Amino acid sequence: MSTVPATDDRGAARVPVRGLTVLYDAECTLCTHLRDWLGRQPQLVPLTLVPAASDEARARFPGLDHSATLDEVTVVGDSGQVYRDTAAWIVVLWALRELRPLAHKLSTPAGARLARGAVLAAARWRGAQWGGKVYRREAINRGGAQRLVEGRWSGDGWAYDPGLGWVYDPPGCAGDVCATR
């Protein structure tokens, strides 16, 4: 059991990954299906599957925002690397023997757009399972990526509207300056 505090930036990006802990929503049928599927896959990097926001997750990663782990897929490397959202999906694929080549393709700019689309599709399905709400968000995500605005979850240009699904509304320009990525 690792007690390494999970932080976004502690120089862990240059440390080899020898194990990954996948935090999944144990109340989500899609999430538990994927957990079972992951457990059956041949792994190049061992995956430990732990329910998000559980006592075990809190004991392993006391510095992690556990309410956010229920909203977005979160994977923690054995040296404290934290992967969220699309990056989490890609690193999990990278850990699987037969899907590592796909993970390399999805880590390119073009592949990342495809991976993001898959993550958004899964999020839309999850939202439908929770009565048209996106997950169980009740306040601004402390990571700043998403927030409830006029009945819609939004962030980085993407918004989830229960009636429409995921829509993209790019950030506007302030004066002569436009937001770029």
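What you see is a predicted model; the values in this text were computed from it and never measured. Numbering starts at 1 and runs along the sequence shown.
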Donor-acceptor pair, distance only, cut-off 3.5 Å: does the side chain of [X] make one with the backbone of [Y]?
X     : Y     : answer
His66 : Phe61 : yes
Arg58 : Ala53 : yes
Ser67 : Asp65 : no

So, taking the atom named [atom1] in [X] and the one named [atom2] in [Y], what distance separates them when rounded to the nearest 0.5 Å?
X      : Y      : atom1 : atom2 : value
Cys31  : Leu38  : SG    : CG    : 11.0 Å
Gln43  : Leu99  : CD    : CG    : 11.5 Å
Leu114 : Lys105 : CG    : NZ    : 11.0 Å
Thr48  : Glu56  : OG1   : CD    : 8.5 Å
Leu47  : Gln41  : CG    : CD    : 10.0 Å

> Do the side chains of Leu23 and Leu64 get nearer than 4.5 Å, heavy atoms only?
Replying inline: yes
Could you pull out the closest heavy-atom pair between [X] and [Y], with the gap in Å?
X     : Y      : answer
Ala57 : Pro51  : CB-O, 3.5 Å
Ile90 : Ala115 : CD1-CB, 4.1 Å
Gln81 : Ser79  : OE1-N, 3.1 Å

>> Going by side chain to side chain contact (heavy atoms under 4.5 Å, CB included), Val75 matches just one of Thr69, Thr21, Leu20. Which one?
In response: Leu20
>> According to side chain to side chain donor-acceptor pair (under 3.5 Å), does anything in residues 30-39 pair up with another residue at least two apart or in another chain? List the pairs.
In response: Tyr24-Arg35
>> Is there a path of hydrophobic side-chain contacts, each under 4.5 Å between heavy atoms of I/L/V/M/F/W/Y residues, joining Leu44 to Leu93?
In response: no
>> Is it the case that atom CH2 in Trp94 sees more than 12 heavy atoms from other parts of the structure closer than 6.0 Å?
In response: yes
